2 protein chains.
Amino acid sequence: MSHTVGIRQAQKQKTRQALLDAALQLLEEQSLSSLGLREVTRAVGVAPTAFYRHFRDMADLGVALVEEALGSLHLMIGEALHEPRDDARIERTVALVAELVRTSPAHVRFIARERHGGVAAVRAAIGEQLDRFGDEVAAAFAREAESAGWSGEDLRMLAGVYVDHMVMTASSLLEAGPGGEERAGALARRQLRLISLGRRHWLD
Amino acid sequence: MSHTVGIRQAQKQKTRQALLDAALQLLEEQSLSSLGLREVTRAVGVAPTAFYRHFRDMADLGVALVEEALGSLHLMIGEALHEPRDDARIERTVALVAELVRTSPAHVRFIARERHGGVAAVRAAIGEQLDRFGDEVAAAFAREAESAGWSGEDLRMLAGVYVDHMVMTASSLLEAGPGGEERAGALARRQLRLISLGRRHWLD
DNA sequence: TTGGCCGGAGAACGGTTGTTAACTGAACGT
DNA sequence: ACGTTCAGTTAACAACCGTTCTCCGGCCAA
């Protein structure tokens, strides 16, 4: 493969990652459309012009951040939904989101903030990823016995509700901050129970 | 009252409103934290320093926009929920949101964008308004016969789901653009039906 | 070992930003 | 009628922005 691991490439990836990390940190207190190129390079400790060696502009860096935040999540989500019992699945789903918020809060904040943010390319990238999540969740649901008789459209709707709820839960867990997590988690579990009840009686 | 309607005050309110309008329009393609003071005054046609006669800074203007967008909505929302039959209430709720998006899309976009945006004061103002909506919806639900046996916490949870869903619906109606509104509206109605089903079987 | 490649540095550019101060003139209270 | 208030103007400030061009020096393939 073109997986060259020369000293050259390694150093380049290193500063590229440093740029992404610095941007992510700076984005905790502002939004992407106000983040300056010089601001990021200054935080890393490189010349402003070095930025262009890695990204065309800030929108480009934003899209890369979307991939970094959401790209590696597709495996975990299907796994959590594999749980057969309703309450256990709810528990695992909320736990998954909670751990995500705990381990990488800045990524979560970035997604929540830029999902409807001012940079079109980033909005589109996030929407695309969330759509993929929706499709995968719908596929997971389709494999369950409880989904017998459901139309594809209804299944996709339900999956969308789940995905939207996960994003919302992540955001509220973030806002809750330390101490309020348990309360926010309990609320999210109750909401998921409500949705599960609706699902169970959908075909009545 | 201190409701002075002199020529002086009238002109001041006029340019203040012009600033708000210009800002709202500029915010369709960027977010508040990147909107410049000079940018707004230039669009209105006044000197940059005139801005300070009306707002302390951009965050201040943002909070005023929140009030303008959400302040006059409290009446309408209770009215829509007054509908007794489930499907009729769903219909009215979605219709209310759809009309709101049709008549003032820029306000809706602003709220969706800045709800998790980069300006703390504006985030707080939006959160406060949405909390008020939640309380009012919960109070409306509490008056219904179907809510017998519900705990206050559960009712507030349900109300929160409704409010969050309305915001989400507004946002997706906006993204759908002309032509896709009917599809987005149908999806929103289905989602509300799911929630209503969950509500009906909550105490089973 | 040589010669090209290329990530990064440096300097400079035109333009924009928020904020300050002093000033103007029309609406205002008396 | 007269002095005051005050929304808006003008001018200037230092700081910052994105982008271009030129140059340096270490990696790398031959």
Side-chain angles (χ1 to χ4, degrees), chain A residues 1-23 25-27 29-65 114 117-122, chain B residues 1-23 25-27 29-65 114 117-122:
Chain A
M1 295 301 173
S2 60
H3 206 80
T4 43
V5 283
I7 297 180
R8 212 53 171 289
Q9 310 273 345
Q11 257 299 337
K12 177 165 184 179
Q13 298 268 345
K14 199 173 162 188
T15 66
R16 184 190 137 102
Q17 190 59 45
L19 287 170
L20 287 170
D21 293 346
Q25 189 181 330
L26 289 167
L27 282 172
E29 293 182 359
Q30 60 183 315
S31 46
L32 187 63
S33 69
S34 73
L35 182 61
L37 173 159
R38 297 182 101 107
E39 205 173 345
V40 176
T41 56
R42 193 186 312 131
V44 173
V46 296
T49 50
F51 183 90
Y52 294 105
R53 302 289 182 190
H54 304 275
F55 307 103
R56 192 168 307 131
D57 47 29
M58 268 300 164
D60 194 20
L61 180 142
V63 172
L65 276 180
E114 300 302 330
V119 183
V122 172
Chain B
M1 298 297 175
S2 61
H3 207 81
T4 44
V5 283
I7 298 178
R8 211 55 166 291
Q9 310 273 345
Q11 257 297 339
K12 177 165 185 180
Q13 299 268 346
K14 199 173 162 188
T15 65
R16 183 191 137 103
Q17 190 59 46
L19 287 169
L20 288 169
D21 293 346
Q25 188 180 330
L26 289 166
L27 282 172
E29 293 182 359
Q30 60 184 316
S31 45
L32 187 63
S33 70
S34 74
L35 181 61
L37 173 160
R38 297 182 100 107
E39 205 173 345
V40 176
T41 56
R42 193 186 311 131
V44 173
V46 297
T49 50
F51 183 90
Y52 294 107
R53 302 290 181 190
H54 304 275
F55 307 102
R56 193 169 305 131
D57 48 30
M58 268 301 167
D60 194 21
L61 180 143
V63 172
L65 275 180
E114 301 302 329
V119 182
V122 173

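Scope of the values below: all heavy atoms of this structure, side chains included, with no hydrogens, waters or symmetry mates. First the proteins, then the strands, lettered A, B, ... as listed; each starts at 1. Treat the numbers as computed from the prediction; the structure is a model and nothing was measured.
Residue A:Arg16 places none of its side-chain N or O atoms closer than 4.0 Å to OP1 or OP2 of C:dG8.
What separates CD of B:Gln11 from P of D:dT9 is a distance of 11 Å, to the nearest Å. Rounded to whole angstrom, the span from the CG atom of B:Asp57 across to the P atom of C:dG18 amounts to 11 Å. The interatomic distance linking B:Gln9 (CD) with D:dC6 (P) rounds to 9 Å, in whole Å. Protein atom CD of A:Gln30 is 10 Å distant from nucleotide atom P of D:dC17, rounded to whole Å. One can place CZ of B:Phe55 at 13 Å from P of D:dA7, the figure rounded to the nearest angstrom. In this structure, A:Tyr52 places its OH atom 12 Å from P of D:dC21, rounding to the nearest Å. Rounded to whole angstrom, the span from the CZ atom of A:Arg42 across to the P atom of D:dA15 amounts to 13 Å.
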What's the verdict on side-chain hydrogen bond (donor to acceptor under 3.5 Å, both in side chains) for A:Ser34 and B:Ser33, showing C-alpha distance, side-chain angles and the deciding distance?
CA-CA 6 Å; A:Ser34 73; B:Ser33 70; 3.1 Å; yes
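Residue A:Val40 is tested with A:Leu20, A:Asp21, A:Leu27, A:Leu35 for a side chain to side chain contact (heavy atoms under 4.5 Å, CB included); the sole match is A:Leu35.
Here the CD-OG distance, from A:Glu114 to B:Ser31, works out to 6.5 Å after rounding to the nearest 0.5 Å. Atom-to-atom distance recorded for A:Arg16:CZ and A:Lys12:NZ is 9.0 Å, nearest 0.5 angstrom.
Taking five base pairs at each end of the helix from C:dT19-D:dA12 to C:dT30-D:dA1 and finding the rotation axis that steps the C1' atoms of four pairs onto the next four gives two axes whose angle is 10°, to the nearest 10°.
Comparing atom distances between the B:Lys12 side chain and each of C:dG8, D:dG8, D:dA7 picks out D:dA7 as nearest. The side chain of B:Leu37 lies closest to C:dT19, out of C:dA9, C:dT19, D:dC17. Closest to the B:Ile7 side chain, of the nucleotides C:dG18, C:dA27, C:dG8, is C:dA27. Nearest nucleotide to the side chain of A:Glu39, out of C:dA9, D:dG18, D:dC17: D:dC17.
The two atoms that bring B:Gly62 and B:Leu32 nearest to each other are CA-CD2, 4.0 Å, heavy atoms only.
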Donor-acceptor contacts, no H, no angles, side chain residues 42-59 of chain B, under 3.5 Å, sequence neighbours left out:
{"unit_1": "B:His54", "atom_1": "NE2", "unit_2": "B:Thr15", "atom_2": "OG1", "d": "3.1"}
{"unit_1": "B:Asp57", "atom_1": "OD1", "unit_2": "B:Ala59", "atom_2": "N", "d": "3.3"}
{"unit_1": "B:Asp57", "atom_1": "OD1", "unit_2": "B:Asp60", "atom_2": "N", "d": "3.0"}

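For B:Thr49 and D:dT10, a side-chain-to-base donor-acceptor distance below 3.5 Å is present, hydrogens and geometry of angles not being considered.
Comparing A:Arg53 and A:Arg38, the nucleotide of DNA chain C nearest to each residue sits closer to the 5' end for A:Arg53. For the pair A:Pro48 and B:Arg8, both in contact range of DNA chain D, the more 5′-proximal nearest nucleotide belongs to B:Arg8. Along DNA chain D, the nucleotide nearest A:Arg56 and the nucleotide nearest B:Thr15 are compared for position; the residue whose nucleotide lies closer to the 5' end is B:Thr15.
Shown here is A:Glu29, whose CD atom has no more than 12 heavy atoms of other residues, nucleotides or ligands within 6.0 Å.
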